[in-house]
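Here's the structure, in structure tokens; my notes come after.
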Number of protein chains: 2
Amino acid sequence: MSKSKDKNKPTADAVPKAVVSRLSLYLRELQRLQRDAVVTTSSTQLGQLLGFTDAQVRKDLAHFGHFGYPGVGYRCSELVAAVKQIIGTDHTWPVVLAGVGNLGRALLGHRGFSHQGFDIVAAVDSDPSKFGKTLDGIEIQPIARLPELVMQHDVRLAIIAAPASAAQEVAERIVAAGIYGILNFAPITLHLPPEVAVSSVDLAIEMEQLSFAMTNLRPPSELLPEEEEPLRE
Amino acid sequence: MSKSKDKNKPTADAVPKAVVSRLSLYLRELQRLQRDAVVTTSSTQLGQLLGFTDAQVRKDLAHFGHFGYPGVGYRCSELVAAVKQIIGTDHTWPVVLAGVGNLGRALLGHRGFSHQGFDIVAAVDSDPSKFGKTLDGIEIQPIARLPELVMQHDVRLAIIAAPASAAQEVAERIVAAGIYGILNFAPITLHLPPEVAVSSVDLAIEMEQLSFAMTNLRPPSELLPEEEEPLRE
DNA sequence: TAGATTGTTAATCGATTAACAATC
DNA sequence: TAGATTGTTAATCGATTAACAATC
């Protein structure tokens, strides 16, 4: 009796990962429209702004419910609220930062992050010389205190900004402390239980996408050095 | 006569974007294997390390040539060299950084980036109080000097670490200076000519993927607050 | 009402996987 | 040789797009 239709549960069983990342883009774009005092938008407009077809926008949203008005479109404020609720940023998530090096400090300083529903409430590092220091109002703690900190602040998400050499171990400690969502900035593949959600940002990989595009696509100005042979034929 | 087979040109016409990003993951993993003194690997091993099927690994590589030995596998060093050449990181790319705030400074300090084939050779900002200051050996220049700097260092890639409010204009100046590849850290959609390659990293969006996973997937421990109704039925 | 735009079903397209002959 | 693993073709699967009745 709870099987066949169950219209009310946005169970998200079968929501493809790509849909979720587009959802974030819709949200970002809708918030921009709101700032520009736009009241109503449409799948066509949203699609044009983001480079998607109108059909895709409607299909994506249809995964989660009926948010539009036929003949009218979508009210920005309503859709923002709906998408935030779907994504789960209708409330703020406390986050712990692991690794307070170059990047970690930048993330700590990055206020305007809490606007988007995330708030760094604690920071840990493995370098004892940093313990007790305060950065942007957050005291740097030994990594061993992770379980306590997680309990204390009801943390559910972590950001790893540790060096590659430490990242796997740090990730395991994070999971051991009861956290199931990790944003990983270290350039390695984390091996963790499947129930842990991991997002990854690798600067080198992003740049490599550009390098590939430069060397393989676009020969409008033929400035590129001449093609080498493949290694073996 | 150049149409049908043309085995030698890895033209990359039809290389899906997803293949290119997996290529970077293969490279990263192969380099790690090399560091661990592994000489030979296989599509099965590579796949297991990264969570792909063996068929996918082989198919991805087959887009670009024949790099393996039937019955043997792939020699790590050879495959590393081949993949670097495909990606275009068999040489170093000079990069200009636009925006020297929190994040920009972290990127400047991020040595070990040049190891991967990218070298920040210049930095610009729009804040005059920063002009002339030197950070990690790079002098911060007015954004107006972009065209000169690009010429001077033969720059082909740019990183935007400017605030959202400035990013579109900065991007346009970068393109006007003759750059066709941009890594954008600002949380906006850049509107640029289609021949410009853009990669984007939006911290909030990455975190939102985790937030979605936390609120919609995985109810192993039923700690999550009870489900709200969708906005309208 | 006429015009616009939704949500959804069916058609198309592309990407992943399975299977296997060829090769070492 | 027997065992392993590639590169590739064919089968499967999933995601995107087109089309349209329903709705405002």
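Letters A, B, ... mirror the listed sequences (proteins, then strands); counts begin at 1.
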Open item on the list: What contact category does A:S43 fall into here, base, sugar-phosphate, or nothing, at under 4.0 angstrom with non-hydrogen atoms?
Closed with: sugar-phosphate
TODO: When you get a sec, tell me which of D:dT23, C:dT8, C:dC20 is the closest nucleotide to the side chain of A:P70?
DONE: D:dT23
Task: A:S42, nearest nucleotide to its side chain (from C:dT5, C:dG7, D:dT6) - done: C:dT5
- [ ] May I have the step-by-step check of side chain to side chain contact (heavy atoms under 4.5 Å, CB included) for B:L25 and A:D202, ending in yes or no?
- [x] CA-CA 10 Å; B:L25 294 173; A:D202 183 328; over 6 Å; no
TODO: Would you mind reading off the distance between A:R75 atom CZ and D:dC24 atom C1', rounded to a whole angstrom?
DONE: 11 Å
Task: pair B:F52-B:K59: side-chain heavy atoms closer than 4.5 Å - done: no
Task: Any side-chain donor near an acceptor of the partner, B:T189 and A:E29, under 3.5 Å - done: yes
TODO: In whole angstrom, give the distance that lies between atom OH of B:Y69 and atom C1' of C:dC24.
DONE: 11 Å
Task: Enclosure of A:E169 CD (heavy-atom neighbours >12, cutoff 6.0 Å) - done: no
Task: C:dG7 phosphate, OP1 or OP2, under 4.0 Å from A:R58 side-chain N/O - done: no
Open item on the list: For the residue pair A:T40 / A:R75, report whether a side-chain donor-acceptor contact shorter than 3.5 Å exists.
Closed with: no
TODO: Please list every stem that involves DNA chain C, where a stem is a run of 3 or more consecutive Watson-Crick or G-U wobble pairs with both pairing distances under 3.5 Å.
DONE: C:3-24 with D:3-24
Task: For atom CZ of B:F64 and atom P of D:dT8, their distance in whole Å - done: 14 Å
Open item on the list: I'd like to check B:L157 versus B:F118 (side-chain heavy atoms, cut-off strictly below 4.5 Å). Are they in contact?
Closed with: yes
Open item on the list: Measure CD/B:Q56 against C1'/D:dT8 and give the value in whole Å, please.
Closed with: 15 Å
Task: Touch class at under 4.0 angstrom, heavy-atom based, for B:Y74 against every strand present - done: sugar-phosphate
TODO: By nearest nucleotide on DNA chain D, pick out whichever of A:G71 and A:V19 is the more 5' one.
DONE: A:V19
Task: Nucleotide D:dA15, atom P - distance to CZ of A:F52 in whole Å - done: 15 Å
Open item on the list: I want to confirm an ordering. Mapping A:V72 and B:R22 to their closest nucleotides on DNA chain C, which one lands closer to the 5' end?
Closed with: A:V72
Task: Atom-pair distance (OH on B:Y26; P on D:dT6), nearest Å - done: 12 Å
Task: Non-hydrogen side-chain atoms of B:L46 and B:D54 separated by less than 4.5 Å - done: no
Task: Spacing between A:D54 atom CG and D:dT17 atom P, to the nearest angstrom - done: 10 Å
- [ ] Check whether any side-chain nitrogen or oxygen of A:H66 sits under 4.0 Å from OP1 or OP2 of C:dT8, and answer yes or no.
- [x] yes
Task: Value in whole Å for how far the C1' atom of C:dA11 lies from NZ of A:K59 - done: 12 Å
